[in-house]
Amino acid sequence: MSSSDSEDQIPLSARLGYNQVATTRSVSSSDDDEDNVPLAMRTKISPAKRKNESDSESDTPLSSKVKPKANGNAAKKQKPQPKAKAANGKSKASAKPRVPKDSTVKVKKEPNTKKEPKVKKEPTPKSEPTVVKKIVDRKPLIKAESTASAGSQNGSEGSDDDYKWWLEQKDDDGPKWTTLEHNGVLFPPDYVPHGIPLVYKGAEITMPPPVEEVATFFAAVLGTDHAVNKVFQQNFFNDFVEIAEQHMDKHPFKEFKHCDFSRIRSHLDEQSAKRKAMTKEEKETQKKERQEIEEKYMYCTLDGRREKVGNFRIEPPSLFRGRGAHPKTGKLKRRVMPEQVTINIGPDAKIPDPPPGHRWGKVTHDNTVTWLATWKENINNSIKYVFLAAGSSLKGQSDLRKFEKARSLVTCIDGIRKQYTKDLKSKVMAERQRATALYLIDRFALRAGNEKGDDEADTVGCCSLRCEHIKLESPNIVHFDFLGKDSIRYQRTTEVDKQVWKNLRMFMRGLAKSDSDMLFDRLTTASLNKHLQTLMPGLTAKVFRTFNASFVFQQQLQNTPKGGTEAEKLLAYNRANRDVAVLCNHQRSVPKSFQNQMSRIEDKLFGVRYQRKLLKDYLLEVAPDLKKKHPEVLVKDIGIGAKEIKEYLLSVCELDREKVTKKFARDNEKLKEAKEPELPQSTLDEQLKAIDDREKSIKDGTYEPELPVAKNATTDKILEKIEKLTQRINSIEVDKIDKDENKATALSTSKVNYIDPRISIAWCKKYNVPLEKIFNKTLREKFTWAMGVDSEWTF
DNA sequence: ACCTTGACTTAGCATGGTGTCG
DNA sequence: CGACACCATGCTAAGTCAAGGT
């Protein structure tokens with residue numbers, strides 16, 4: 001069978017017009033032959049033999065090189081025993097030793113060779129925090145622009161804010177800074193006890209503050225899904241009891257189900273109500289106070305320039321809200337003490353004072369990293385950092401680097417696709433799996449998919465897909481259904497390249513594989529990325545996401561109407577954005593009020609169309625001769641029949657009744673406060689009566705609508721009004737479409753992380769759309785480096 | 001050669017301020 | 001002018017990936 005290119009296309013790429021599988025033809029040997037190979041493998045090899053050789057045809061020359069380390073079969077029991085991956089036979093199918101390229105690749109490692117191996121502890125004065133130094137000499141910048149008054153103590157030079165780092169060539173992997181000054185981190189306030197008891201089996205238990213604090217954490221979560229999640233409850237309760245044991249001589253807490261947090265909850269509700277009820281001034285002062293405290297942490301001085309710090313606040317204690325089915329969800333995240341915090345700062349800078357009575361855990365001077373402070377969190381033992389803000393030069397530089405890397409894929413993507421398309425038929429199983437995975441990553445923007453542990457939520461990416469996550473349907477349909485990052489469901493049915501389909505079928509059928517087995521049992525993210533490095537320096541799996549997102553976006557923007565209104569252009573922009581979001585599977589929960597909002601828009605729309613219809617009818621009546629001059633007046637509106645109008649008018653009555661009643665209550669409330677006589681009930685009754693009358697007249701068809709123009713309006717005036725209404729209708733319709741298409745899709749993630757901002761900026765210039773319409777202040781700050789591109793810039 | 005750790009990007013959700021609309 | 005939707009922003013969890021450690 002000759003595979004036709006078009007057949008191999010997946011819908012998206014077809015729609016987008018960049019064509020990958022033109023490359024399919026490069027494999028000219030008949031598909032059938034290739035197709036048979038895997039089958040032959042399956043039928044020819046005895047199970048016993050396959051155990052070790054399952055990854056390749058045993059009698060091909062290539063296969064002799066393939067020496068799986070461990071029993072590949074044993075490695076298969078995937079999820080049940082995550083550690084089993086250790087046994088994954090790594091067939092180092094050395095198809096082609098690619099030595100030369102490697103040297104380029106290595107470049108990245110250079111700085112680290114420079115890094116002296118983590119100096120443990122320098123001899124430091126006993127009572128002082130350990131100070132670790134690791135200063136890497138700054139490589140001379142291309143433009144020795146270090147205007148940075150390297151020693152500036154107060155870093156108050158605001159004028160440096162417009163330092164344009166993107167105009168100079170920065171070294172990718174040199175030191176990250178030369179001088180660094182900052183004021184450390186801000187700790188959350190101490191717990192303030194409220195003394196409200198927890199009710200346990202009906203008994204009020206007043207707890208010592210540390211115990212009360214934990215109980216209060218749970219009270220705060222009441223009303224959310226967490227509160228009814230059994231794992232969350234149990235994890236919380238275990239830690240709660242532990243704390244209780246530490247702080248109470250005896251306590252009655254035996255089972256979660258006997259705990260009643262409602263009293264504490266009411267207290268919390270009261271507090272937040274109080275906060276809400278504060279006057280503007282009070283809020284204002286409070287805000288000012290807060291800012292005063294935060295001010296010193298907000299900025300640091302990096303190479304003499306003032307830069308914004310991101311998350312200078314130490315994370316407060318709380319119950320861990322793991323996403324999805326996280327085994328540790330609900331566990332107590334403990335308060336972080338200064339003694340656990342490491343401060344990273346310039347060697348000559350003043351070390352910030354730790355909170356009174358405390359010391360820093362450690363102070364380092366490591367200029368190979370960008371963080372200002374770090375600590376270890378107790379839930380997953382992971383490391384938390386204080387970094388600079390997104391708009392800082394350090395972040396900007398790496399952002400630019402990221403997009404430039406993705407951009408360099410543009411020129412070599414054809415070759416890479418050709419290569420992996422060819423490898424889809426490789427005789428070496430590991431290569432075939434790698435090529436197949438790469439195809440999925442490239443076409444469907446899947447994540448790499450690292451292995452995960454038992455103590456994490458069961459989510460997967462490409463390399464960690466299990467057989468249960470895909471279903472095949474002849475001739476070349478694949479159904480994906482799995483939980484990805486953040487336990488977001490990835491569900492998609494799509495056509496794939498025929499060879500990919502065959503490969504998937506083969507991988508799934510592999511020796512006695514079951515649903516819970518790894519689909520790509522010969523593949524790891526590490527091996528995949530290592531391979532990618534040989535194709536292009538710096539290439540990793542995630543680059544494909546960036547590349548495809550930006551590329552698709554640029555393609556789709558070509559649908560912008562040249563002569564359209566701004567709203568139409570923005571719609572085109574948002575649609576392109578949405579295509580990317582869909583590609584990357586960026587979801588959000590449908591807003592609770594969505595249905596409401598939608599029907600309100602529909603009502604609004606109908607109202608305006610109805611008004612227009614009234615005017616049209618009126619015109620036709622008073623000036624029938626206009627028919628000829630203005631045929632548009634004749635155009636009948638669809639969906640505005642007598643029945644619909646009646647429904648609409650009646651619903652308006654309903655709404656009006658509500659409105660009037662509410663307003664009445666509100667007015668009286670005010671009068672009451674002002675100690676003035678309240679309005680009599682009759683006022684409301686009169687209004688309601690008017691509405692009742694209207695309703696009746698609508699029902700019996702005697703209702704006479706008011707025209708939305710003055711009685712004596714000229715025809716021209718009326719035509720003008722009609723035109724205005726038409727515009728309004730169009731704009732509402734545009735809004736409506738946009739809204740509906742957006743309800744479950746998060747556009748921001750791709751905008752912030754995946755789409756090269758230069759595409760958007762060039763688009764704004766080309767179509768004369770103000771940048772504020774698409775980038776909010778945060779985004780504009782984050783992407784200052786991209787502002788200079790002209791309207792013709794392309795990704 | 002593996003596993004772990006460290007550093008950094010990517011992710012959705014909660015929330016609180018703000019703009020808009022009647 | 002208040003209610004309400006909306007949006008920006010903060011927050012921190014959850015990924016990626018390569019160096020380091022064993």
Side-chain angles (χ1 to χ4, degrees), chain A residues 69-70 83 85-88 90 92 105 108-109 111-113 115 117-118 176 220 224-225 272 275-276 280 283 287 310-316 318 320-324 326 328-329 333 344 366 368-371 374 376-377 379-385 387-390 394-395 398-399 402 447-453 456-457 459-461 463-464 484-488 524-530 532-533 538 540-543 545-546 584-589 591-594 596-597 600 604 655-656 659 662-663 666-667 669-670 739 746 748-750 752-754 776-779:
Chain A
K69 272 285 106 61
K83 292 289 166 188
K85 58 141 175 251
N88 254 350
K90 270 252 313 212
K92 176 59 227 191
V105 173
K108 176 108 213 247
K109 288 175 185 158
N112 297 298
T113 55
K115 243 189 217 175
K118 287 245 149 107
K176 304 291 191 346
T224 70
D225 288 349
S272 74
R275 238 175 296 124
K276 222 184 255 170
K280 238 190 187 127
K283 281 182 184 167
K287 195 174 168 190
N311 54 326
F312 49 79
R313 208 181 281 279
I314 295 282
E315 292 175 16
S318 64
F320 175 68
R321 291 145 112 112
R323 306 194 181 143
H326 194 119
K328 294 187 178 180
T329 195
K333 191 167 83 172
N344 190 39
D366 183 352
T368 66
V369 296
T370 67
W371 50 265
T374 183
K376 200 169 234 179
E377 147 269 2
I379 303 286
N380 296 299
N381 249 291
S382 68
I383 306 165
K384 303 278 190 165
Y385 300 90
F387 290 120
L388 295 193
L394 277 181
K395 293 281 193 186
S398 77
D399 224 24
K402 173 183 76 183
R447 296 189 182 83
N450 282 309
E451 286 281 352
K452 295 191 72 185
E456 297 173 278
T459 63
V460 300
C463 293
S464 48
K485 181 179 179 180
D486 292 308
S487 291
I488 296 294
T524 65
T525 53
S527 67
L528 176 63
N529 280 333
K530 217 171 136 212
L532 291 175
Q533 292 287 341
T540 63
K542 81 195 267 284
V543 178
R545 258 169 95 80
T546 315
C584 294
N585 201 39
H586 291 144
Q587 300 189 12
R588 61 165 185 168
S589 39
K592 282 178 204 72
S593 56
F594 177 78
N596 249 336
Q597 293 170 29
R600 210 162 327 154
K604 193 163 97 183
L655 283 176
D656 283 353
K659 247 187 247 169
K662 268 193 189 156
K663 182 167 169 15
R666 216 169 40 228
D667 287 351
E669 193 66 32
K670 251 188 278 172
K739 195 177 192 82
S748 59
T749 308
S750 48
V752 172
N753 298 303
Y754 287 104
N776 61 34
K777 185 165 143 279
T778 317
L779 245 26

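Residue numbers begin at 1 in each chain, while the letters A, B, ... track the order of the sequences.
Phosphate contact (OP1/OP2 of C:dA13, side-chain N/O of A:His326, threshold under 4.0 Å): absent. Close to C:dC17, at under 4.0 Å from its OP1 or OP2, lies a side-chain N or O of A:Thr540. For B:dT9, neither phosphate oxygen OP1 nor OP2 lies less than 4.0 angstrom from any side-chain nitrogen or oxygen of A:Asn753. Distances shorter than 4.0 Å separate none of the side-chain N or O atoms of A:Ser318 from OP1 or OP2 on C:dT12. Put simply, A:Arg545 has a side-chain N or O that comes within less than 4.0 Å of OP1 or OP2 on B:dA11. Here A:Gln533 reaches the OP1 or OP2 of C:dA18: one of its side-chain N or O atoms lies under 4.0 Å away. The side chain of A:Thr374 contributes no N or O atom lying less than 4.0 Å from OP1 or OP2 of B:dG6. Between A:Lys176 and B:dC8, a side-chain N or O to OP1/OP2 separation shorter than 4.0 Å is present. OP1 or OP2 of C:dT16 lies within a sub-4.0 Å distance of a side-chain N or O belonging to A:Asn450. The side chain of A:Thr370 contributes an N or O atom lying less than 4.0 Å from OP1 or OP2 of B:dC8. The phosphate of C:dA8 (OP1 or OP2) has a side-chain N or O of A:Asn776 nearer than 4.0 angstrom. Listed pair A:Lys402 / B:dT10 meets the phosphate criterion, a side-chain N or O lying under 4.0 Å from OP1 or OP2. Phosphate contact (OP1/OP2 of C:dA13, side-chain N/O of A:Lys384, threshold under 4.0 Å): present.
Nucleic acid contact for A:Thr525: none, since no nucleic acid atom lies under 4.0 Å from a heavy atom of the residue. In this structure, A:Lys287 reaches neither bases nor backbone, as no heavy-atom distance under 4.0 Å exists between it and the strands shown. At the heavy-atom level, A:Ser589 lies under 4.0 Å from the strands shown only through sugar-phosphate atoms. Backbone-only engagement by A:Gly449 is indicated by non-hydrogen atom pairs under 4.0 Å involving sugar-phosphate atoms exclusively. The residue A:Arg323 sits close to a base: some heavy atom pair falls under 4.0 Å. No engagement by A:Glu377 is indicated, since no non-hydrogen atom pair under 4.0 Å with the nucleic acid exists. Using a 4.0 Å heavy-atom criterion, one finds that A:Tyr754 contacts the sugar-phosphate atoms exclusively. Heavy atoms of A:Lys542 sit under 4.0 angstrom from primed sugar atoms or phosphate atoms, though from no base atom.
Using modelled atom types and a 3.5 Å distance limit, the side chains of A:Lys452 and A:Thr459 yield a donor-acceptor pair. In the model, A:Asn380 has no side-chain atom that pairs as donor or acceptor with a side-chain atom of A:Ser382 under 3.5 Å. Judged by distance alone, the side chains of A:Asn450 and A:Thr525 do bring a donor and an acceptor atom under 3.5 Å apart.
Relative to the side chain of A:Glu315, the nucleotides B:dA7, C:dA13, B:dG12 differ in distance, and C:dA13 lies closest. Nearest to the side-chain atoms of A:Asp486 among the listed nucleotides B:dA11, C:dT12, B:dC13 stands B:dA11.
Projected onto DNA chain C by closest heavy-atom contact, A:Gly310 and A:Arg447 fall at different nucleotides, the more 5' of which corresponds to A:Gly310. Ranked by how close their nearest DNA chain B nucleotide is to the 5' end, A:Arg321 and A:Ile383 are led by A:Ile383. In this structure, A:Arg275 and A:Thr546 both approach DNA chain B, and ranking their closest nucleotides by distance from the 5' end singles out A:Thr546. Closest-nucleotide positions on DNA chain C for A:Lys777 and A:Ala541 were compared, and the one nearer the 5' end corresponds to A:Lys777.
Computed from coordinates, the A:Asn380 CG to B:dG6 P distance equals 14 Å when rounded to whole Å. Counting to the nearest Å, the C1' atom of C:dT12 and the CZ atom of A:Phe312 are 15 Å from each other. Computed from coordinates, the A:Asp399 CG to B:dT10 P distance equals 7 Å when rounded to whole Å. Rounded to whole angstrom, the span from the CG atom of A:Asp225 across to the P atom of C:dA13 amounts to 17 Å. With rounding to whole Å, A:Glu451 atom CD is found 17 Å from C:dA18 atom P. Rounded to an integer number of Å, the gap from A:Arg313 CZ to C:dC11 C1' is 10 Å. Protein atom NE2 of A:His586 is 7 Å distant from nucleotide atom C1' of B:dT10, rounded to whole Å. Protein atom OH of A:Tyr385 is 4 Å distant from nucleotide atom P of B:dA7, rounded to whole Å.
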**Prompt:** Given the rule in the side chain to side chain contact (heavy atoms under 4.5 Å, CB included) test, do A:Thr368 and A:Lys176 qualify, once you have shown the distances and angles that lead to the verdict?
**Reply:** CA-CA 5 Å; A:Thr368 66; A:Lys176 304 291 191 346; 5.6 Å; no
**Message:** Under the criterion side chain to side chain contact (heavy atoms under 4.5 Å, CB included), I'd like the reasoning laid out for A:Leu388 against A:Thr370: C-alpha separation, chi angles, the key distance, then a yes or no.
**Reply:** CA-CA 8 Å; A:Leu388 295 193; A:Thr370 67; 6.0 Å; no
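Closest heavy-atom contact between A:Asn776 and A:Leu779: OD1-N, 2.8 Å. Taking all atoms of both residues into account, the shortest heavy-atom contact from A:Tyr385 to A:Asn311 is O-ND2, 2.9 Å.
Looking at A:Lys395, its side chain has no donor and acceptor atom pair within 3.5 Å of the base of B:dT9.
Ion pairing between a basic and an acidic side chain is recognised when a charged N comes within 4.0 Å of a carboxylate O; A:Lys333 and A:Glu315 show such pairing.
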